[in-house]
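The next block holds one structure in the form of structure tokens; read it before the comments.
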Amino acid sequence: MRADRLRYTARAMPRLPPVAAASIAVVAVAARHGQNAALPLQLVAIALASGVGFAFDDRAHESLAASPTSLLRRRLLRAAVVVPLGVILWTTLLLWQGTAGVEEAWALAAMFAGLLGMSVGIAGVASRRSSRGVGGFAVTPSLFVAVVFSTMVPPRWRPLPLGDIPGGWLPIYERWATAAMIGVLVFLVSSRDRAVTRVRG
Amino acid sequence: MSAHLAPPRSSSIVASIGRVEGRRLIAHPIFLAGVTFALLGSASFVRATLTRSDITWDEDAWTVSVGFMLLGVLTMVAANHAALRDRREHTREQHSTLPVGLPTRTGGLLAALLWPTVVAVTLLASILLFAVVQQVHITEVESVHLLEGICAISLLGALGVAMAAWLPNPFVAPVVAWAIFLIAPGEVPQRWHSLTLLVGMQTTELALWHLAYLAGLAALFGVVAVAKTGRSRPLLVAGLLAAGFVMASGTILLTGSCPSDGTCRL
């Protein structure tokens, strides 16, 4: 029953962006295999996070709004389909590429988690605001603008660091983890069901 | 008695669509984010000029260049988003019943790129005026680099429209934007770097050839965008001319940028 639910959800999701993202990720690692791990794995994280954002595009949202399954539940089902696949692919590519050390691997993992969290947060808000229930198109440009703005901030205060910052690895983990948490929180808030209202009695 | 109305000329339709789309393009949130980057880059230069005395355009105005390059990249994403509207809104079939053909509408989108270009020229002219008032010396080759920056905005915009025509998915252009941002040619100058977008030539002659190369590429992307929906003899001629121009200027850049003495003028 549960597997069927995931299968039907996967069938309703747009496939091209996640597949294109996965292809770009594999090509990025293949092209730079054996060199410095940071750039290809950053590209992988960006591509996969961007692809995941499109998974929440739901053109049938108007019809499904009246169903007993809440918006949050419908979106979590979509996340359950696409996020594990993205994480598995990312881990495989990380192992294939290899890193200079455990710290770098954790930093890249934190970055991937941060971008993924931001991606679902942006997609959640954009889909909610869109009358057609699509928000994936807003994810990649928003991530781009956010990261470029971040690089303009002095390294000491940079919220989304792509390179080294003062303080070593720990601030990198903390900042990307914070970005991930904020993203997930925004996603949850944006997934409140419009149809559900408190009944005053 | 019925009045006979002559159909409007294709060029006037392109201009009309260009006006409407251009206004929408410069109000697009992604383009406005690009303008913010350009303003931040310019503000950094203004701050440096007001707080220090040893200012040179070459050393201190790189933030202006980076800001305008980001404006170009985000113009590409915004133009791509505008060009994909028909697909997004499922109005493609509806619009195909209008007397205006798809190539004309693509032409209108390309004409709309004049608006972001005018915005960029205005911003750049303001910062240049400030630099002149502050007596910051700008060399001849640096002036050509500024023109290249303006041309790059049109080029990237045309690339955004071409991508929407041939790869009609909103995922593509932002990923290309990321690639432009993250993938830079190596530190050691090489011959092929002269064909990249962000290279700065050291001589005025080479910088002018690079400007011509960028202009040719912009025209080529425009032709490629229109060619998806309409193929005609004038378009073929324009495409061949643009391709020839790009190949000629590219060959000159490749041979002239790194002469045999081993030093690259990049």
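Within every chain, numbering begins at 1; the chains are lettered A, B, ... in the order of the sequence lines, protein sequences first and strands thereafter.
- The line from CE of A:Met152 to OG1 of B:Thr36 is 9.5 Å long, rounded to the nearest 0.5 Å.
- Both the backbone and the side chain of A:Ala21 come within less than 4.5 Å of a heavy atom in chain B.
- Residues A:Thr151 and B:Phe181 are in side-chain contact: their nearest non-hydrogen atoms beyond the backbone lie under 4.5 Å apart.
- The candidate with the highest count of non-hydrogen atom pairs below 4.5 Å against chain A, out of B:Val77, B:Leu74, B:Val172, is B:Leu74.
- Scanning residues 117-131 of chain B against chain A with a 4.5 Å heavy-atom cutoff picks out nothing at all.
- Contacts between residues 139-150 of chain A and chain B, counted as heavy-atom pairs separated by less than 4.5 Å, involve A:Thr140, A:Pro141, A:Leu143, A:Phe144, A:Val145, A:Val147, A:Val148, A:Phe149.
- Atom CZ of B:Arg52 has more than 12 heavy atoms from other residues, nucleotides or ligands within 6.0 Å.
- Other residues, nucleotides and ligands contribute at most 12 non-hydrogen atoms within 6.0 Å of the CZ atom of B:Arg24.
- Here the straight-line distance linking atom CG of B:Leu182 with atom CD1 of A:Ile46 works out to 4.5 Å at 0.5 Å rounding.
- Applying the ring-ring contact (aromatic ring centres under 6.0 Å, His included) test to residues at least two apart or on different chains, the pairs with a partner in residues 52-75 of chain B are B:Phe45-B:Trp57.
- Across B:Phe171 and A:Ala20, no two heavy atoms sit closer than the pair CE2-CB, 3.8 Å.
- Interface with chain B: from residues 80-115 of chain A, no residue qualifies, criterion being any non-hydrogen pair under 4.5 Å.
- The most heavy-atom pairs under 4.5 Å with chain A, out of B:Val73, B:Val175, B:Leu70, come from B:Leu70.
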